[in-house]
There are 2 protein chains.
Amino acid sequence: MTTAAHRRSRMGIRDVAAAAGVSITTVSDALNGKGRLPDATRRHVREVADRLGYRPSAAARTLRTGKSGLIGLTVTTYGDEPFTFTEFAYFAEMARAATSAALARGYALVILPATSRHDVWSNVALDGTVVIDPSDHDPVVTELVRQGLPVVSDGRPAGTLPVTAWVDNDHEAAVLDLLDHLAAAGARRIGLLTGTTTDTYTRLSTQAYLHWCNRVGQDPVYEAYPAHDPCAGAVAADRLLARPDRPDAVYGLFDPNGTDLLAAARRYGLRVPDDLLLVCCSESTVYATTEPPITTLSLKPRRIGTAVVQLLIDAIEGIGHDHPDGITMPTQLITRASSRGRRHCDA
Amino acid sequence: MTTAAHRRSRMGIRDVAAAAGVSITTVSDALNGKGRLPDATRRHVREVADRLGYRPSAAARTLRTGKSGLIGLTVTTYGDEPFTFTEFAYFAEMARAATSAALARGYALVILPATSRHDVWSNVALDGTVVIDPSDHDPVVTELVRQGLPVVSDGRPAGTLPVTAWVDNDHEAAVLDLLDHLAAAGARRIGLLTGTTTDTYTRLSTQAYLHWCNRVGQDPVYEAYPAHDPCAGAVAADRLLARPDRPDAVYGLFDPNGTDLLAAARRYGLRVPDDLLLVCCSESTVYATTEPPITTLSLKPRRIGTAVVQLLIDAIEGIGHDHPDGITMPTQLITRASSRGRRHCDA
DNA sequence: ATGAAAGCGCTAACAG
DNA sequence: CTGTTAGCGCTTTCAT
């Protein structure tokens, strides 16, 4: 009666125990590498389990141990679709690094759009969650924290959002640095292509631009558009170059801005970099082969993804940290022809 | 003693039952919408559960019901990282659509690189799996099928891989159509930029090209390179245009080929489309704003992602199908300036 | 219309 | 060194 697995659905731990002539505890210990049994027993049990094609039930283990090995990856949504269009390359890189990092520590990632119906959220047993760019009073984060789950955000949490930790770039420093770079290349009036959204990235970057303008005594010249709409970006780029106070250098905050600005420049007969210096924030490699190649600011999403996951898993496993709660990662300016000053002439 | 939840970790179903003055069965039924209790009871229980902030345990439910609501999304890997570089845009779009579709039916996606350590695979309770471009005798697929899980692949399975169903484009038709398009635009000798890998997409596309050449009596002109290496693509593009039998039109099978070919054309002083017609297979929008804009073949990854998930969930839920086991989705040729013939002159 | 009780398959105390 | 036992928190018969 103990091994009633007559013709039951799947091979269970009891079947293995029976076949190996040991107790289920021994099977469990042998398979989980608990150090209390002699190698002979362990090998034997493992072999039997293998032969039987036994796979432990993840559900049962999760229920018993309270750990699922699952990490949520919450992505912002605009409209119905998960992920925003303009963040493709960034998101893909970040998610890829996060997936690797999680995997290396035995966890897997579950993609969960922030707007998910609530029942989907509670239908999956999560050990913790990575949140990308949470909004000010993000209900998802609040709920997760209430459940006692660790939450680490990619991007400083706005307001008083109670995340466990966060990872972000030093956006102010990056923008200031980049503007200095453009000025050094001969820019006299630098324009900005920015977003109408209020996320931290857009806000901090724009603020940094305004500070810089203020510091060097330049009038700000910028156009803002809804960043999730790719068409709006092309229009805004055009608008920026059509202004009477047309800038002689432009920084675009979003990935597609480079090609949009290049196209707009062509329409107005502006040569890059001779008449117009160009930089945009992007992770895309297309800018290495445009004509001319365009200087980009990389946010290094791989590092961010890795760091976020490490922080989260550390929190899950109760590993303490010296960092207070947020860490800042460097950005990288990849200088190409579009921002080389008039006196430079190398490719 | 029945409601021993003195100061226990989380609100359980028993706590709700106690607080509502009913049995746990009633709570379960009320929350899951079983139709056997009067509305009054149901409302009352729901309200109490809400007030207590009760969240059912996904792990327990999964153990009991055998369904986790989790679908694996297996991505091919080159090297250590999940996803291949050249497939970014395709993968991102496809994954996004798959995520939406799954969500709409109450499922979530788990990202699982095909090379995962085995223990990660068996640590997560999956109801089924989507596999992207499985290789010939993919061990992961074999194992999953052995476990009795439904597996649907994006891309025809090579060999005799026993997937439950598959979704794919009609690559042969797409390539033939595209080559006809180029010929109609005035191409006399069409070249191909292809891959050295043996996946179905590359194989079928290349075959179709060879067939077409054979049919129209053109000598094949192609260069193959390892598609996962972005640098190799640029080199191969250059090689193709450097040949003595230089083609006057080129089709590139991989996403970055368009910019690479454009750059190579510039190096050789070839004007596009006047001296060289260009088409590449890509989901990227950058080709709408390059100079000139480049014609692309879209594989419509959204549709594929959606279809794959629908098929999988249907299989999970035991919904029968008329389709035998594979379905073919159309592609779309997005015609732009790079492939407009000499006699056309609109933008 | 509701409740009691039996597990789902595993891990972790606790005995031997 | 190994086995017995008690649950993890639900859903689901079956009984009332």
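Residue numbering restarts at 1 for every chain, and letters A, B, ... go by the order of the sequence lines.
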Requested in this report: Answer yes or no: is there a side-chain heavy-atom contact under 4.5 Å between A:Val131 and A:Val163?
Outcome: no
Requested in this report: Tell me which of A:Tyr54 and B:Arg64 sits closer to the 5' end of DNA chain C, going by the nucleotide each one is nearest to.
Outcome: B:Arg64
Query raised in the report: Which pair of heavy atoms, one from A:Tyr54 and one from A:Met11, lies closest together, and at what distance?
Result: CD1-O, 3.6 Å
**Report entry** Between C:dT11 (C1') and A:Lys67 (NZ): distance, integer Å
**Finding:** 15 Å
Query raised in the report: Which of these, B:Ile71, B:Leu73, B:Leu109, sits in a side chain to side chain contact (heavy atoms under 4.5 Å, CB included) with B:Thr99?
Result: B:Leu109
Requested in this report: Send over the distance from B:Asn32 CG to D:dT11 C1', rounded to a whole Å.
Outcome: 8 Å
Query raised in the report: In whole angstroms, how far is the P atom of C:dG7 from the CD1 atom of B:Ile24?
Result: 15 Å
Query raised in the report: Should B:Thr65 be listed as having a side-chain N or O under 4.0 Å from OP1 or OP2 of D:dT11?
Result: no
Report task. Would you indicate whether the side-chain heavy atoms of A:Gln310 and A:Ile319 approach each other to under 4.5 Å? Result -> no
Query raised in the report: Does A:Ser28 put a side-chain nitrogen or oxygen below 4.0 Å from OP1 or OP2 of C:dT11?
Result: yes
Report task. Could you list by number each residue of residues 41-49 of chain A showing a heavy-atom separation from DNA chain D of less than 4.0 Å, or answer none if no residue does? Result -> A:Thr41
Query raised in the report: Should A:Arg61 be listed as having a side-chain N or O under 4.0 Å from OP1 or OP2 of C:dC10?
Result: no
Query raised in the report: C:dC10 C1' sits how many Å from A:Arg14 CZ, rounded?
Result: 8 Å
Query raised in the report: Nearest to the side chain of A:Ser57 - C:dG9, D:dT11, D:dG3?
Result: C:dG9
**Report entry** Residue-phosphate contact under 4.0 Å: A:Thr26 side-chain N/O, D:dG3 OP1/OP2
**Finding:** yes
Report task. Find the distance A:Ile13:CD1 to C:dA12:P and express it as a whole number of Å. Result -> 11 Å
Requested in this report: Report the distance from atom CG of B:Leu63 to atom P of D:dC10, rounded to the nearest whole Å.
Outcome: 12 Å
Report task. Send over the distance from B:Asp15 CG to D:dG9 P, rounded to a whole Å. Result -> 9 Å
Query - pair B:Ile304-B:Val308: side-chain heavy atoms closer than 4.5 Å - result: yes
Under 3.5 Å, which N/O atoms of the protein pair with N/O atoms of nucleotides 13-16 of chain D?
none

Requested in this report: Return the value, rounded to whole Å, for the distance between atom CE of B:Met11 and atom P of D:dC10.
Outcome: 11 Å
Query raised in the report: What is the minimum heavy-atom distance between B:Ala315 and B:Pro150, and which atoms define it?
Result: CB-CB, 3.9 Å
**Report entry** B:Glu317 vs B:Lys67 side-chain heavy atoms within contact, under 4.5 Å
**Finding:** no
**Report entry** Closest approach of A:Val110 to A:Leu70 (non-hydrogen atoms, all atoms of both residues)
**Finding:** CG2-CG, 3.6 Å
Report summary line: In terms of heavy-atom contacts, B:Leu52 and B:Val16 come closest through CD2-CA, 4.1 Å
